[in-house]
2 protein chains.
Amino acid sequence: MRTLYHPSVAEMNLSTVLYALSDPIRLSILKRLAENGEQSCSSLDMSVPKSTLSHHFKVLRESGVINTRIEGTQRYISIRYNDLNTRFPGLLDAVLKELKRTDGAQEAKK
Amino acid sequence: MRTLYHPSVAEMNLSTVLYALSDPIRLSILKRLAENGEQSCSSLDMSVPKSTLSHHFKVLRESGVINTRIEGTQRYISIRYNDLNTRFPGLLDAVLKELKRTDGAQEAKK
DNA sequence: TCTATTGTTCGATTATAATCGAACAAGGAA
DNA sequence: TTCCTTGTTCGATTATAATCGAACAATAGA
């Protein structure tokens, strides 16, 4: 737990990133980060058990979508805007644009 | 089998589309379609059993990524460029740009 | 009509991922 | 040190998806 894995820009993989972004809960997290900037994990209460949330943070982090910064007992997560824009130009903007319109997750689970 | 389901532009869902695009085989199919335009299903031999391929075509079609046109015993598939660009501006371009660079699937399955 | 071609569907298997309680780890404060 | 807070990890369960052979369906041609 000492060091959390973050892929370098070169290590980021398209299908892995798209997969990370294909889950409604993870899109909700992304939306919150886009709206409010860096957040402590505890600040985004999503009516989901913390172990489940932690899992989603890990998927987002290990794909390269978010950065996790450790400060004391808290973790602060944020979107890796520049890195994503460098590796996959236009991708993040397209996703965030849709998230702004709705929540991107509506009726995703039928 | 008479009619194949295709979602309307309004019915397209972000997480569903991202999920459809998150698979290496489906990205390979997309790349082929982007490079060569409309293709008959049989023309893209991907060293994968046809039942598996048919499954991936279905995922792509039902998410709204591709269109399937029936002509005789053959099916011709193509990317729904305009519809995708209307619904999720910039998303497809960002994906295709990366596919042009590599195949988007390299080392995705470890 | 018989046969070959193209592709879907079925059904079973395997693989991968989501979920979440409980235990654990690391700080910070009393 | 003890307790509280924050978050991860473990382990088990459930859910979802990928895979692929075999059977089926539709059409075209001999």
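Residue numbering restarts at 1 for every chain, and letters A, B, ... go by the order of the sequence lines. All heavy atoms count here, side chains included; hydrogens, waters and symmetry mates do not.
- To the nearest angstrom, P of dG7(C) lies 11 Å from CD of Gln39(B).
- In the set dT19(C), dT6(D), dC20(C), the nucleotide with an atom closest to the side chain of Ile25(A) is dT19(C).
- The OH atom of Tyr5(B) sits 15 Å away from the P atom of dT9(C) (whole-angstrom rounding).
- With rounding to whole Å, Leu60(A) atom CG is found 12 Å from dT8(D) atom P.
- In this entry the distance linking CG of Leu4(A) with C1' of dT8(D) reads 9 Å, nearest Å.
- The residue Ser51(A) sits close to a base: some heavy atom pair falls under 4.0 Å.
- A salt bridge between Glu35(B) and Lys100(B) is absent, with no side-chain N of the basic residue lying under 4.0 Å from a carboxylate O of the acidic one.
- In this structure, CD of Glu62(A) is placed 12 Å from P of dA18(C), rounded to the nearest angstrom.
- Residue Ile66(A) contributes atom CD1, which lies 14 Å from atom C1' of dT8(D) at whole-angstrom precision.
- Here the rule is side-chain contact (heavy atoms from CB on, under 4.5 Å) with Leu33(A), and of Leu96(A), Val65(A), Ile79(A) only Ile79(A) fits it.
- Residue contacts shown for Tyr19(B) are limited to sugar-phosphate atoms, with no base heavy atom under 4.0 Å away.
- The CE atom of Met46(A) sits 15 Å away from the P atom of dA18(C) (whole-angstrom rounding).
- Looking at the side chain of Val48(B), the nearest of the listed nucleotides dG7(D), dC20(D), dT8(C) is dC20(D).
- Exactly one of Leu18(A), Val17(A), Asn13(A) qualifies for a side-chain contact (heavy atoms from CB on, under 4.5 Å) with Ser15(A). That residue is Asn13(A).
- Residues His55(B) and Lys50(B) each lie close to DNA chain D; by heavy-atom proximity, the contact nearer the 5' end of the strand is made by His55(B).
- Atom CZ of Arg26(B) and atom C1' of dT19(D) are 12 Å apart (whole Å).
- Using a 4.0 Å heavy-atom distance criterion, Thr52(A) is classed as a base contact.
- A salt bridge links Arg69(B) to Glu71(B): at least one charged side-chain nitrogen sits closer than 4.0 Å to a carboxylate oxygen.
- Position along DNA chain C of the nearest nucleotide to Thr73(A) versus Gln74(B) favours Gln74(B) as the more 5'-ward residue.
- Contact of the Arg80(A) side chain with the Met12(A) side chain is registered, since non-hydrogen atoms from C-beta on lie closer than 4.5 Å.
- For the OP1/OP2 pair of dA17(D) and a distance below 4.0 Å, the side-chain nitrogens and oxygens of His56(B) include no atom meeting the criterion.
- Take the nearest nucleotide of DNA chain D for Gly72(B) and for Arg61(A): the residue whose nucleotide is more 5' is Arg61(A).
- The side chain of Ser54(B) lies closest to dT8(C), out of dT8(C), dC20(C), dG7(C).
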